[in-house]
> 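A single structure is presented below for examination.
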Amino acid sequence: MSDTGETPVVTAQMAEGGASGPALVRPDEDCAFVIFGASGDLTGRKLIPALYNLFCQGLLPPGFAVVGYAVTPMTDAEFRGAMREHVKASSEVLAFRPRLWDQFVPCLHYVTAGFDAPEGYRELGRRLAAVDAAHGTGGNRLFYMATAPRFFGPIVERLQEHGLAEGGHGGASWTRLVVEKPFGTDLASARALNESLHRVFAEDQIYRIDHYLGKETVQNLLAFRFANTIMEPIWNCHYVDHVQITAAETLGVEHRGGYYDQAGVLRDMFQNHLFQLLALVAMEPPVRYEGQIVRDRKADVLRAVVPLDPRNLAEQAVRGQYGPGHGMPGYRQEPDVAPDSHTETFAALKLMVDNWRWADTPFYLRSGKRMPKKQTLIAIQFKRVPHLFFDTTADDQIEPNVLAIRIQPDEGISLTLGAKSPGPEMHVRQMQMNFSYSAAFGEFPATAYETLLLDVMQGDLTLFNRSDTVDLSWELLAPVLDAWQSAPSADPFPNYPAGTWGPPAADALLARDGRAWKTDSTLPGHQE
Ligand code: BG6
């Protein structure tokens, strides 16, 4: 709590903010929130709107301040003005209330300096001391790396040199580091980055953020699996035929061509978001909901994934790049993308999880840009019934059950079931049992960033990636990244038109196994 005796600027606004969201808990320790890269996109689009939302819900600690740090010259007043515009424009802000903004804004500060400039860190030190006195932030510091990854290592070194990385460990105050993705670009660079962070910060001070883990529906995977007795007995290779994880986006690369053309979909979506979903679907029950324990169980899954065989890659991995289609430009025509780029904007992988629970049960993962609809869907297809005793005719629809977990949008879960269709005769039709998040709980106001920022302030590491999981993810991708980098696609790029579900080879990947990709609208019993 604030121990300075100063009146904290940030105070609870629950009544006026009016949000009646999920049971988020206000951190009980004050802190200064330092953002490196404060003039960038992430700060304006995600971080400040999330902090403002938390403020409106009375969820910031009483002693709280933001110190932005970036090379773009700005005064405090200019930074505040720019952030006001971002918050007003943000679709993630519940409602922009000028009076609440006026109460929030005095906690925003800004330091203009390069990430390598000693004078910048001296100034940061002075500002933090001033902020501790003015806002009662209690000496606790949260350093948020919202910069290009090449600055992560140097910033951390400078923090140490200037005595700003101290705190935490047994001290009266703590220091935490939040690192945005991408965490490295391959195994070697991720290890090198981990080493440079570990020279200054202990693993339990490092919060590697993956915004998927902050999504309500992703967190619900654990609740759904482990708070319901009926799931566990069937959640294994005896009942599950296969699992599909789709993260489809309608967007192209927008203004991020420069970054994306170096990254591609495997680095951008698989190494983090898709592998995390895989781990949550496949993991064993943890003994407690606690950072190390949950993360141990997730790491076990990644350890059990059979490495892809470079000699047999075509059978297990498909890549694609969108060309022009449905009135949209092709990837190679996007700004900052090389006109002959071989970067993949779509990938599909078939993975086997070699353990007792999942023996011989494929996990198919796919993700792509410029798909026909935005949809993140986990589809668990169960096995066919062992024996059918009905006199079935061509009219009957006897399909295996599919449990479809809609991560976004239209968040919810549906189960397809065979049911007797009304009438004198015994015919079976497919129907769906549906659970909709918004129908059950109303709108949920917490965005992923709000949840995750609160967790950092509370010191809860459960929803953040640990260094071993990061390494394991890169190890799994290494054979595909290497093979794809060393030879262009046999199926020449571009190989799918914008606005379609990826290259035909992605369908063939499942068709070879007698299966087909699912979207929520292709599930049996789907009704518009
Ligand atoms: C980001 C990727 O991590 O996730 C983006 O860098 C992608 O390319 C985004 O668009 C998708 O997130 P969401 O929450 O919209 O599914």
Side-chain angles (χ1 to χ4, degrees), residues 37 40-43 45-47 49-50 53 90-92 144-149 178-185 190 207-221 245-278 280 319-322 328 331 334-337 341 343-347 365-378 405-412 437 444-453 463-465 469-470 473-474 477 498 502 519-520:
D41 203 42
L42 182 75
T43 306
R45 276 197 317 115
K46 297 284 183 189
L47 302 182
N53 274 348
S90 169
S91 59
E92 288 171 7
Y144 200 109
M145 302 288 157
T147 66
V178 186
V179 187
E180 270 289 335
K181 68 176 268 275
F183 199 89
T185 53
Y207 294 71
R208 294 178 194 79
I209 213 160
D210 178 331
H211 78 281
Y212 260 59
L213 295 180
K215 291 182 191 278
E216 288 290 334
T217 44
V218 173
Q219 294 177 63
N220 185 50
L221 286 169
I245 303 178
T246 294
E249 298 187 79
T250 48
L251 292 179
V253 291
E254 312 303 295
H255 56 283
R256 298 163 72 223
Y259 148 76
Y260 196 89
D261 209 33
Q262 300 300 312
V265 71
L266 289 179
R267 293 185 175 93
D268 190 50
M269 294 291 290
F270 279 71
Q271 185 270 334
N272 33 70
H273 312 323
L274 269 81
F275 282 2
Q276 288 297 317
L277 294 180
L278 164 71
L280 288 165
R319 57 177 145 165
Q321 185 194 80
Y322 63 85
M328 291 174 281
Y331 174 70
E334 302 276 16
D336 301 324
V337 169
S341 170
T343 300
E344 73 286 345
T345 60
F346 172 95
L365 276 54
R366 69 173 166 168
S367 178
K369 300 269 185 207
R370 288 275 190 242
M371 310 261 98
K373 66 196 285 193
K374 179 163 176 74
Q375 179 162 90
T376 304
L377 181 78
I378 300 173
I405 303 175
R406 296 186 302 274
I407 300 294
Q408 62 186 18
D410 183 24
E411 290 79 359
Y437 249 90
F444 36 94
T447 66
Y449 271 96
E450 287 162 47
T451 306
L452 295 171
L453 297 184
L463 299 180
F464 298 85
N465 285 331
T469 339
V470 173
S473 316
W474 283 121
L477 283 182
T519 64
D520 62 351

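Read the numbers this way: they start at 1 and go in the same order the structure lists the ligands and their atoms.
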> Does the Asn465 side chain pair with the main chain of Ile209, one donor and one acceptor, at a distance under 3.5 Å?
no
> Please name all residues satisfying side chain to side chain contact (heavy atoms under 4.5 Å, CB included) with Arg406, sequence neighbours left out, ordered by chain then number.
Leu377, Asp410, Ser414, Asn434, Asp520
> With a 4.0 angstrom cut-off on heavy atoms, strictly below it, pick out the residues next to ligand 1 and order them by chain and number.
Lys181, His211, Tyr212, Lys215, Glu249, Arg256, Asp268, Met269, His273, Lys369, Lys374, Gln408
> Do Asn53 and Glu450 have a side chain donor and acceptor closer than 3.5 Å?
yes
> What pairs of donor and acceptor atoms, side-chain ones from residues 249-257 against any protein atom, are under 3.5 angstrom apart with sequence neighbours left out?
unit_1 : atom_1 : unit_2 : atom_2 : d
Glu249 : OE2    : Lys369 : NZ     : 3.0
Glu254 : OE2    : Gly252 : N      : 3.2

> If the condition is ring pair (Phe, Tyr, Trp, His ring centres under 6.0 Å), which residues does Phe275 pass it with, not counting sequence neighbours?
none
> Side chain to side chain contact (heavy atoms under 4.5 Å, CB included) for Tyr331 and Asp261? Distances and angles first, verdict last.
CA-CA 9 Å; Tyr331 174 70; Asp261 209 33; 2.5 Å; yes
